[in-house]
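See structure below.
Note that these values count all heavy atoms, side chains included, but never hydrogens, waters or copies made by symmetry.
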Amino acid sequence: MVGKSRIGVLTAGSLAFVGLLSTGVAGARAGVSISETLYPSDTAPSGDALPTGYTSSYAPGFATSAWESNGNKLELYLSPSALGFSTISLGSSATNNLAGISYWTNKLNAVQGDWYINIYTNTTGSNDAASWYHDRLTFETSSGSYQASAAINTWVQATTATSTDQLLLTSVNSSTGNTYLSTPQTLTQVESSASYNTQTVKYITLTVASNATTLRSLVDGLQFSSTDGSTATFNLEAAAPVPASIGLVGIGSLALIGGMVLRRRMKARL
């Protein structure tokens, strides 16, 4: 079942949250599929850095362009509602827990780092890491595209599924500070862990770190799935097209103005 939806940006402070303005999607109903196009302006409120639109390449199946990192910290915040779910659980026994995340990247230069995923969980009122989230779980590819030695000008898919570019939990920001895991964990391990499986997702972000000042990497084809069979797919495009009707209105307006000027000149000569 495909739900019709419209993406809108909700801002709060320096953060931008993409929320689903529903026109037919009913919360966490099983089997709902969302497919949306996002543009660089959907990532942050006015004044914050935006990704650069890139029109010369795109991920397989996601024509006709992509986003490029540009030396700034970049973040696309997605709420559970943006993914078509009323809630997303990290508990492996839940029917609406996160089943998978994937996206495509294409590094344009041989620099350490790449786009990665942060999962922010809801506050619990006890041992929260910040006023607006409990834990921040950072998923990176421990090999493959994240390394400086990665092949450039090649599209690769980062995914929580088993692969050479698998997304793994590498660090956790909690009330005790930022902890880097000596042994990165898979999404399945995270959702089986007593440390996380009682938590629910507040936001999932597609991110480039603030220290990646020389990194140039494309990103496209962001996808999510839930154990209830729901999916959400985001095609990242360079710029929103200008509707043809706007151009026609502009031409019509110019013709009308031209006609008025001509009539005025003719009256002046009489």
Residues in ring pair (Phe, Tyr, Trp, His ring centres under 6.0 Å) contact with Tyr133, at least two apart in sequence or another chain: Tyr120
Fellow cluster residues of Ile152, listed by chain then number, with links counted only when side-chain atoms sit under 4.5 Å apart: none
Hphob cluster co-occupancy, Leu78 + Phe62, side-chain heavy atoms under 4.5 angstrom: no
Side chain to side chain donor-acceptor pair (under 3.5 Å) assessment of Ser92 paired with Glu191: CA-CA 5 Å; Ser92 57; Glu191 295 186 322; over 6 Å; no
Heavy-atom side-chain contact between Trp132 and Tyr203 under 4.5 Å: yes
Polar side chain donor-acceptor pair, Ser143 to Asp165, under 3.5 angstrom: no
Mutual orientation of the aromatic rings belonging to Phe234 and Phe224 [parallel < 30°, tilted 30-60°, perpendicular > 60°]: perpendicular
Tyr146 and Tyr116 aromatic ring geometry - parallel, tilted or perpendicular at 30°/60° bounds: perpendicular
Heavy-atom check, side chain of Trp67 versus side chain of Tyr54, under 4.5 Å: no
Qualifying residue, where the test is side chain to side chain contact (heavy atoms under 4.5 Å, CB included) with Ile204 and the options are Leu76, Leu98, Leu222: Leu98
pair Gln185-Thr170: side-chain heavy atoms closer than 4.5 Å: no
Gln223 side chain near Gln157 side chain, heavy-atom distance below 4.5 Å: yes
Stepwise side-chain contact (heavy atoms from CB on, under 4.5 Å) check, Val172 with Tyr180: CA-CA 7 Å; Val172 180; Tyr180 293 89; over 6 Å; no
Closest heavy-atom pair and its distance - Ser86, Pro80: O-CB, 4.2 Å
Backbone N/O of Ser226 and side chain of Ser230: donor-acceptor pair under 3.5 Å: no
Candidates Asp135, Thr200, Leu137, Asn97 - the one meeting side chain to side chain contact (heavy atoms under 4.5 Å, CB included) with Leu90: Leu137
Side chain to side chain donor-acceptor pair (under 3.5 Å) between Thr176 and Ser174, worked out: CA-CA 5 Å; Thr176 58; Ser174 66; 2.9 Å; yes
Test item: Asp48 side-chain N/O and Ala44 main-chain N/O as donor-acceptor pair under 3.5 Å: no
Euclidean distance, Glu140 CD relative to Trp115 CH2, rounded to 0.5 Å: 14.5 Å
Polar side chain donor-acceptor pair, Thr52 to Glu68, under 3.5 angstrom: no
Thr43: which of Leu50, Thr205, Leu74, Leu236 passes side chain to side chain contact (heavy atoms under 4.5 Å, CB included): Leu50
Side-chain donor/acceptor pairs under 3.5 Å, residues 105-112, sequence neighbours excluded:
| unit_1 | atom_1 | unit_2 | atom_2 | d |
| --- | --- | --- | --- | --- |
| Thr105 | OG1 | Asp114 | OD2 | 3.0 |
| Asn106 | OD1 | Asn153 | N | 3.3 |
| Asn106 | OD1 | Thr154 | N | 2.9 |
| Lys107 | NZ | Val111 | O | 2.4 |
| Lys107 | NZ | Gly113 | O | 2.9 |
| Lys107 | NZ | Ser145 | O | 3.1 |
| Lys107 | NZ | Gln147 | O | 3.1 |
| Asn109 | OD1 | Arg216 | N | 3.1 |
| Asn109 | ND2 | Thr214 | O | 2.7 |
| Gln112 | OE1 | Ala148 | N | 3.2 |

Hphob cluster co-occupancy, Trp104 + Ile101, side-chain heavy atoms under 4.5 angstrom: no
Side-chain donor-acceptor contact under 3.5 Å, Asn235 with Glu237: yes
Residues Ser217 and Ser69: side-chain donor-acceptor under 3.5 angstrom: no
Side-chain heavy-atom pair Val208, Leu215 within 4.5 angstrom cut-off: yes
Distance, nearest 0.5 Å, that separates OG of Ser142 from CD of Gln166: 7.5 Å
Donor-acceptor contact below 3.5 Å, side chain Ser65 vs main chain Thr55: no
Closest approach of Pro40 to Gly53 (non-hydrogen atoms, all atoms of both residues): CG-N, 4.2 Å
Derivation of the side-chain contact (heavy atoms from CB on, under 4.5 Å) call for Ile88 and Leu83: CA-CA 9 Å; Ile88 299 176; Leu83 306 178; 3.7 Å; yes
Gln189 versus Pro184, closest heavy-atom pair with distance: OE1-O, 4.2 Å
Criterion side chain to side chain contact (heavy atoms under 4.5 Å, CB included) against Ser102, the qualifying member of Thr159, Thr160, Ile117: Thr159
Min side-chain heavy-atom separation Leu181-Leu169 under 4.5 Å: yes
Candidate pair Lys73 and Asn211, rule side-chain contact (heavy atoms from CB on, under 4.5 Å), full reasoning: CA-CA 8 Å; Lys73 181 177 182 179; Asn211 62 356; over 6 Å; no
Rounded distance [0.5 Å steps], CG in Asn118 versus OG1 in Thr207: 4.5 Å
Leu187 and Phe139, any side-chain heavy atoms less than 4.5 Å apart: yes
Under 3.5 Å donor-acceptor, Asn122 side chain and Val201 backbone: yes
Any donor-acceptor N/O pair, Asp128 side chain to His134 backbone, under 3.5 Å: no
Short side-chain to backbone donor-acceptor contact, Thr164 and Gly144, under 3.5 Å: no
Test log, rule side chain to side chain donor-acceptor pair (under 3.5 Å), inputs Thr95 and Asp228: CA-CA 6 Å; Thr95 58; Asp228 71 358; over 6 Å; no
Side chain Thr124, main chain Ser126, donor-acceptor under 3.5 Å: yes
Side chain to side chain donor-acceptor pair (under 3.5 Å) between Ser89 and Asn96, worked out: CA-CA 6 Å; Ser89 173; Asn96 63 331; 4.9 Å; no
Exercise: identify the closest heavy-atom pair between Ser131 and Thr123: O-CG2, 3.6 Å
Over all atoms of both residues, closest heavy-atom pair of Asn72 and Ala49: CB-CB, 3.5 Å
ILVMFWY cluster, Leu218 and Tyr103 together (side-chain gap under 4.5 Å): no
Min side-chain heavy-atom separation Val219-Leu206 under 4.5 Å: yes
